[in-house]
Amino acid sequence: MTTDRPDTSTRGSTAGADRKLLIGGRPTGTADVYPSFNPATEELVGHAPDATVDDARAAIAAARHAFDTGTWATDVQQRIRCLKQLHRALTDNVEELRALTIAEVGATVSLTRAAQLEDPIKIVEYYADLLETYSFTEDLGAVDYLGRQHQRWVEKEPAGVVSAIIAYNYPNQLALAKLAPALAAGCTVVLKAAPDTPLVTLALGELIDRHTDIPAGVVNILSSSKVAVGAELTTHPDVDLITFTGSTPVGRAIMSAAGTGLKRVFLELGGKSAAIVLDDADYDAVAQYAAFASTLNAGQACAITTRLLVPRAGHDALVDKVAANMARVRYGDPNDRKTYMGPLISERQRDKVDGLVQRAVAAGARLVTGGQKVGPGYFYQPTLLAGVDADSEIAQQEVFGPVLSVIAYDDDDDAVRIANNSDYGLSGAVFSADEKRALAIARRIRTGTFSINGGNYFFPDAPFGGYKQSGIGREMGVAGLEEFLEYKTLATVLD
């Protein structure tokens, strides 16, 4: 296993910097660049510009100017046309984006045909189509007040300048789920790439610059390793709304910082979702679902079910079936079409996952399979822990790795209690031969999304988000558009 790598950083030089920032409609380089590595091979993919606070301020100023002086906020037809151009550009360049996503994110080629790339492209098309029929006004009718008729209506206006900050795990999905509705609403955007996956997001900026008529300053894209840049994007007085996807601790910090200026905040944060297996469920089907769902994208997904709640009497039998299915999870080269699971994003993340697993075993959980680092690359074996205490660290903290914890429960009420025993409330699942019973359980779980017997809720027209510390607000669907709108109520007196 290889964990060391040569220092190929070219700080202080632009050598090897094959991507640029997009600020005010102009591709922009920086004095400093930083490297991005392939997590499957530990090899250098390329260099990204390391934006400064001054670059962030320039991007915000460009977005402010475009919003305040241009036609983007008021011209719906322009927005429709440009979103359709963006969708076409993404579609026409999908193979270049696929290769970059596999290399930089470690996503498998099969996953790029779904949630890592091709599904997110559909989000842009969805919002372009939605604008064709969406009404930005709502008639409230006339009322009699003090002997006169008052006509009232609501106009929905763009919120203004948006700071959009994304995580590394699904960079195409996260970028487009913020960018497309914000643009559809008429906002201007400063999008900050995740430090671990800057190149694929900067490539999006290149497509916008080369293949769309989106006006200068409407979209600005930054990459940076500097914490101060993110801080500037959340506190600058010219930013009206912040949308962030990432960890709950960082989300709390952003919300606190935004509070100083009373900025609107949309947060899509962590999850610790539970899959409840009722006593009449098909254990074979559940075992296959549990093994493959928990290892999707190497477990680096906020909504996957990483707690498996099983009837106490069936605990051992189901554990054996899940273990057999986990042995079928093929991990390795993401370019291989037969590979299901790629690497974790970095050695830092792999160490975090391994530490949580080792502490869980020390606390009494049984390691059934996995629990080992594999190299070269930042791979971690699909890992199954049995006999997990519902209150333990591994059952409460988001692991963000291919680790499934099996927890026994006594009856349906106990299962609901355990599922809701979490700071998070993003997603979940239930399995039962009785769909009515399963639906009754689903409605008792405090989460923003939920799957019944394997149902898939994740589509561009379906709102996605969570309760509790999984976040505030919703992405996608009509709700995702309306996150970026302000409501203005107007009235006039009728003669």
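The figures here come from the full heavy-atom set of this structure, side chains too, leaving out hydrogens, waters and symmetry mates.
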Undergrad: Kindly write out the residues that satisfy salt bridge (Lys or Arg N to Asp or Glu O under 4.0 Å) with K468, not counting sequence neighbours, or none if the list is empty.
TA: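 K468: no salt bridge (Lys or Arg N to Asp or Glu O under 4.0 Å) contacts found.
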Undergrad: When you check the gap from the basic side-chain N to the acidic O, do K373 and D351 get nearer than 4.0 Å?
TA: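 The answer is yes: the pair qualifies as a salt bridge.
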Undergrad: Can you tell me how far CG of N220 sits from OG1 of T188, rounded to the nearest 0.5 angstrom?
TA: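 Answer rounded to 0.5 Å: 7.5 Å.
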Undergrad: Do the side chains of D196 and R348 get close enough for a salt bridge, i.e. N-O under 4.0 angstrom?
TA: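 Yes.
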Undergrad: Quick check: do T449 and F458 have side-chain heavy atoms less than 4.5 Å from each other?
TA: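 The answer is no; the side chains never approach within 4.5 Å.
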Undergrad: Does the pair K122/D119 count as a salt bridge with the N-to-O cut at 4.0 Å?
TA: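 Looking at K122 and D119, the cut-off is met.
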Undergrad: Between R79 and A184, is there a donor-acceptor pair closer than 3.5 Å when you use the side chain of the first and the backbone of the second?
TA: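 Side chain of R79 to backbone of A184: a pair is present.
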Undergrad: Salt-bridged, E118 to R98, with N to O below 4.0 Å?
TA: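 Salt bridge: yes.
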Undergrad: Check L199 against H47 and note the closest heavy-atom contact, atom names and distance.
TA: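 Scanning both residues completely, I find the closest heavy atoms to be CD2-O, 3.4 Å.
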Undergrad: Find out whether D50 and V229 are in side-chain contact, i.e. whether some heavy atom of one side chain is under 4.5 Å from a heavy atom of the other.
TA: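 They are not in side-chain contact.
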Undergrad: Decide yes or no for E347 and R350: does some side-chain heavy atom of the first lie under 4.5 Å from some side-chain heavy atom of the second?
TA: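 Yes - at least one pair of side-chain heavy atoms lies under 4.5 Å apart.
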Undergrad: Report yes if some heavy atom in the side chain of T306 is under 4.5 Å from a heavy atom in the side chain of K272; otherwise report no.
TA: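 Yes - at least one pair of side-chain heavy atoms lies under 4.5 Å apart.
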Undergrad: Just by distance, no angles: are the side chains of T101 and N172 close enough, under 3.5 Å, to form a donor-acceptor pair?
TA: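 Yes.
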Undergrad: Evaluate the criterion side chain to side chain contact (heavy atoms under 4.5 Å, CB included) for residue pair L83 and V124; output intermediate values, then yes/no.
TA: CA-CA 6 Å; L83 283 170; V124 181; 4.2 Å; yes
Undergrad: Evaluate side chain to side chain contact (heavy atoms under 4.5 Å, CB included) for I214 paired with W72, printing each intermediate quantity in order.
TA: CA-CA 9 Å; I214 295 175; W72 188 258; 4.3 Å; yes
Undergrad: Hey, what's the ring geometry for Y331 with F379, parallel, tilted or perpendicular (30° and 60° as the breaks)?
TA: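 If you compare the ring of Y331 with that of F379, the planes turn out tilted.
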Undergrad: Could you tell me which residues satisfy salt bridge (Lys or Arg N to Asp or Glu O under 4.0 Å) with E104, sequence neighbours excluded, listed by chain and number?
TA: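 Not a single residue meets the salt bridge (Lys or Arg N to Asp or Glu O under 4.0 Å) criterion with E104.
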Undergrad: Hey, does L174 have a side-chain heavy atom less than 4.5 Å from the side chain of Y168?
TA: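 No - every pair of side-chain heavy atoms lies 4.5 Å or more apart.
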Undergrad: Going by heavy atoms in the side chains, are V399 and I394 under 4.5 Å from each other?
TA: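 The answer is yes, as the side chains (C-beta and beyond) meet within the 4.5 Å cut-off.
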Undergrad: To the nearest 0.5 Å, what is the distance between OG1 (T74) and CZ (F67)?
TA: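 The OG1 atom of T74 sits 9.5 Å away from the CZ atom of F67.
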Undergrad: Spell out, as yes or no, whether a donor-acceptor pair under 3.5 Å connects the side chain of N297 to the backbone of N169.
TA: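 Such a contact is found between N297 side chain and N169 backbone.
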Undergrad: Can a side-chain donor-acceptor contact be found between Y457 and S427 if the only test is distance below 3.5 angstrom?
TA: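 Yes, Y457 and S427 have a side-chain donor paired with an acceptor closer than 3.5 Å.
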Undergrad: Look at atom CZ of R446 and say whether more than 12 heavy atoms of other residues, nucleotides or ligands are closer to it than 6.0 Å.
TA: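 Counting other residues, nucleotides and ligands, CZ of R446 stays at 12 neighbours or fewer.
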Undergrad: Within the 3.5 Å criterion, strictly below it, is a donor on K178 or T243 matched to an acceptor on the partner's side chain?
TA: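 Present: a donor and an acceptor within the cut-off.
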Undergrad: Please check if any side-chain donor atom of D333 sits under 3.5 Å from a side-chain acceptor atom of T339, or the reverse.
TA: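 Note: D333 and T339 side chains miss the donor-acceptor criterion.
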Undergrad: Run the salt-bridge test on D68 and R64 with the 4.0 Å N-O cut-off and return the result as yes or no.
TA: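 Yes, D68 and R64 are salt-bridged.
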Undergrad: If we ignore angles and hydrogens, is there a donor and acceptor under 3.5 Å between the side chains of D461 and Y126?
TA: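 Note: D461 and Y126 side chains miss the donor-acceptor criterion.
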Undergrad: Under a 4.5 Å cut-off applied to non-hydrogen side-chain atoms, are C302 and E268 in contact?
TA: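 A side-chain contact under 4.5 Å exists here.
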Undergrad: With no hydrogens and no angle check, is any side-chain donor or acceptor of E42 less than 3.5 Å from a backbone partner on G377?
TA: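 Yes, E42 side chain to G377 backbone: donor-acceptor pair under 3.5 Å.
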Undergrad: Which heavy atom of Q381 sits nearest a heavy atom of T383, and at what distance?
TA: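 For Q381 and T383, the tightest heavy-atom pair comes out as O-OG1, 2.7 Å.
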Undergrad: Donor-acceptor pair, Q469 side chain versus S422 backbone, under 3.5 Å?
TA: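 Checked: no pair found.
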Undergrad: Between F136 and Y134, is the ring centre distance below 6.0 Å?
TA: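 Centroid distance F136-Y134: below 6.0 Å, so yes.
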Undergrad: Is the number of heavy atoms from other residues, nucleotides or ligands within 6.0 Å of CZ (R26) greater than 12?
TA: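 Incorrect, the count does not exceed 12.
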Undergrad: Is the backbone of I242 close enough, under 3.5 Å, to the side chain of K263 for a donor and an acceptor to pair up by distance?
TA: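 Flag not set: sc K263 to bb I242 has no pair under 3.5 Å.
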Undergrad: Restricting to non-hydrogen atoms, name the atom on L426 and the atom on L269 that form the minimum distance, rounded to 0.1 Å.
TA: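 For L426 and L269, the tightest heavy-atom pair comes out as CD2-O, 4.2 Å.
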Undergrad: Can we say E232 and K192 salt-bridge, meaning some charged N sits less than 4.0 Å from an Asp/Glu carboxylate O?
TA: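 No, this pair does not count.
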Undergrad: At what distance, to the nearest 0.5 angstrom, does CG of L100 lie from CG of L204?
TA: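 The CG atom of L204 is 11.0 Å from CG of L100, to the nearest 0.5 Å.
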Undergrad: Under 3.5 Å, side chain of Y127 to main-chain N/O of G477, donor-acceptor pair present?
TA: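 Yes; at least one donor-acceptor contact below 3.5 Å.
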Undergrad: Which of these, E138, E157, E155, sits in a salt bridge (charged side-chain N to carboxylate O under 4.0 Å, His left out) with K488?
TA: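 Single pass found, and it is E157.
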Undergrad: Please step through side chain to side chain contact (heavy atoms under 4.5 Å, CB included) for the pair E125 and I121, ending with a clear verdict.
TA: CA-CA 7 Å; E125 182 179 38; I121 290 174; over 6 Å; no
Undergrad: Drop me the distance from S163's OG to L241's CG, to the nearest 0.5 angstrom.
TA: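 Rounded to the nearest 0.5 Å, the OG-CG separation comes to 8.5 Å.
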Undergrad: Does one side chain, of D213 or Q78, offer a donor that lies under 3.5 Å from an acceptor on the other?
TA: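 Note: D213 and Q78 side chains miss the donor-acceptor criterion.
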Undergrad: State, to 0.1 Å, how close V219 and L22 come at their nearest heavy-atom pair, and which atoms those are.
TA: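 Smallest heavy-atom distance, with atoms named: O-CD2, 3.6 Å.
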Undergrad: Determine whether T201 and L191 satisfy the following criterion, side chain to side chain contact (heavy atoms under 4.5 Å, CB included), listing intermediate values before the conclusion.
TA: CA-CA 9 Å; T201 304; L191 171 64; 3.8 Å; yes
Undergrad: Are Y34 and S223 close enough that a side-chain donor and a side-chain acceptor fall under 3.5 Å?
TA: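 No - no donor-acceptor pair under 3.5 Å links their side chains.
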Undergrad: Look at the side chain of E398 and the backbone N and O of G271, then say whether any donor-acceptor pair between them is shorter than 3.5 Å.
TA: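 Here the side-chain-to-backbone pair exists.
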Undergrad: Working to the nearest 0.5 Å, report the span between CG of L97 and OG1 of T91.
TA: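 So the CG of L97 and the OG1 of T91 are separated by 10.0 Å.
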Undergrad: Kindly say whether G205 contributes a backbone atom to a donor-acceptor pair with the side chain of D209 at under 3.5 angstrom?
TA: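 Answer holds: no.
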Undergrad: If you count every heavy atom of other residues, nucleotides or ligands that lies below 6.0 Å from H150 atom NE2, does the total exceed 12?
TA: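 Yes, NE2 of H150 has more than 12 neighbouring heavy atoms, counting only those of other groups under 6.0 Å.
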Undergrad: Kindly say whether E483 contributes a backbone atom to a donor-acceptor pair with the side chain of R264 at under 3.5 angstrom?
TA: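 Flag set: sc R264 to bb E483 pair under 3.5 Å.
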Undergrad: Might you point out which heavy atoms bring K156 and L485 nearest each other, and give the distance in Å?
TA: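 For K156 versus L485, the nearest heavy atoms are CB-CD1, 4.0 Å.
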Undergrad: Measuring only between side-chain heavy atoms, which start at C-beta, is E475 closer than 4.5 Å to F266?
TA: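 Result yes, sub-4.5 Å side-chain heavy-atom pair found.
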Undergrad: Closest heavy-atom contact between A167 and A194?
TA: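 Minimum heavy-atom separation between A167 and A194: C-CB, 3.4 Å.
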Undergrad: Roughly how far, to the nearest 0.5 Å, is CG of D129 from NZ of K84?
TA: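 The NZ atom of K84 sits 6.5 Å away from the CG atom of D129.
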Undergrad: Does R152 use its side chain to pair, donor to acceptor, with the backbone of G141 at less than 3.5 Å?
TA: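 Indeed, once roles are kept as given, a pair shorter than 3.5 Å links the two residues.
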